[in-house]
Amino acid sequence: SIMVEEDGLYVFRSRSDDACKLYIHEELVVNQDLVKEGFKDVGAIALKKGLHPVSIHFLEGTGGERLRLYIKKTYDNRWEELEVKGRFYH
């Protein structure tokens, strides 16, 4: 799950060396389906304050593995990297 502190439109960005998909409430938000070093994809979703179910599908081909996810509110300039200890709860 992911915790958001206030209602709003949130933008998510992925960065991985292979492919990933980010679902929130079973809605596809980020679809980085190209297996390409450093490729990025961006998507947005309106969320209310509170916890939201998240599913991440990650494809690792060959070589190093990396998956980073970032979040920001629509009009913010600064991206915040999501961390397992910070915003994701198991």
Side-chain angles (χ1 to χ4, degrees):
S1 294
I2 186 170
M3 170 66 94
V4 295
E5 301 298 326
E6 59 184 283
D7 296 357
L9 183 62
Y10 288 85
V11 182
F12 291 85
R13 181 178 80 188
S14 68
R15 184 169 184 206
S16 69
D17 63 352
D18 290 312
C20 72
K21 294 177 189 263
L22 171 67
Y23 295 85
I24 301 176
H25 291 285
E26 299 182 7
E27 180 179 333
L28 182 60
V29 177
V30 172
N31 185 16
Q32 182 186 336
D33 60 358
L34 293 176
V35 179
K36 186 174 178 183
E37 175 67 32
F39 185 76
K40 300 175 189 173
D41 191 31
V42 176
I45 187 171
L47 298 172
K48 295 203 177 280
K49 178 181 177 177
L51 284 171
H52 300 275
V54 171
S55 176
I56 301 168
H57 298 209
F58 177 65
L59 170 70
E60 172 53 34
T62 60
E65 61 271 339
R66 175 181 56 203
L67 171 62
R68 287 188 170 75
L69 296 171
Y70 302 88
I71 185 175
K72 71 175 190 162
K73 289 200 65 177
T74 304
Y75 298 108
D76 287 350
N77 291 325
R78 188 176 68 81
W79 289 94
E80 179 182 345
E81 185 172 355
L82 294 175
E83 298 179 12
V84 173
K85 294 179 182 177
R87 291 183 178 264
F88 286 95
Y89 301 92
H90 296 284

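These values consider heavy atoms only, across backbone and side chains, with no hydrogens, waters or symmetry-generated copies.
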What verdict does the side-chain contact (heavy atoms from CB on, under 4.5 Å) test give for Arg15 and Tyr70, after you've listed the backbone C-alpha separation in whole Å, the side-chain angles of each residue and the deciding distance to 0.1 Å?
CA-CA 8 Å; Arg15 184 169 184 206; Tyr70 302 88; 4.2 Å; yes

When every non-hydrogen atom of Glu5 is compared with those of Tyr10, the smallest separation belongs to N-OH, 4.3 Å

Shortest non-hydrogen pair, Leu9 vs Ala44, comes out as CD1-CB, 4.2 Å

Lys/Arg N to Asp/Glu carboxylate O, Glu81 vs Arg68, below 4.0 Å = yes

Val42 versus Val11: any side-chain heavy-atom pair under 4.5 Å?
yes

Could you check if a side-chain atom of Leu47 sits within less than 4.5 angstrom of a side-chain atom of Ile24, using non-hydrogen atoms only? yes

Distance col, row Phe12:CZ vs Ile2:CD1, nearest 0.5 angstrom, shows 4.0 Å

Result for side chain to side chain contact (heavy atoms under 4.5 Å, CB included) between Leu22 and one of Asp41, Val30, Ile45 points to Val30

Give the table of side-chain donor-acceptor pairs shorter than 3.5 Å for residues 52-59, with sequence neighbours excluded, one pair per line with atom names and distance.
unit_1 : atom_1 : unit_2 : atom_2 : d
His52  : ND1    : His25  : NE2    : 2.7
His52  : NE2    : Lys48  : O      : 2.5
Ser55  : OG     : His57  : NE2    : 3.2

**Asked** Same cluster or not: are Val29 and Leu67 linked, directly or through other Ile, Leu, Val, Met, Phe, Trp or Tyr residues, by side-chain heavy atoms under 4.5 angstrom apart?
**Response** yes

Contacts of Glu27 meeting side-chain hydrogen bond (donor to acceptor under 3.5 Å, both in side chains) (sequence neighbours excluded), chain-then-number -> none

Those residues at least two apart in sequence (or on a different chain) that pass side-chain hydrogen bond (donor to acceptor under 3.5 Å, both in side chains) with Lys73 are Glu6

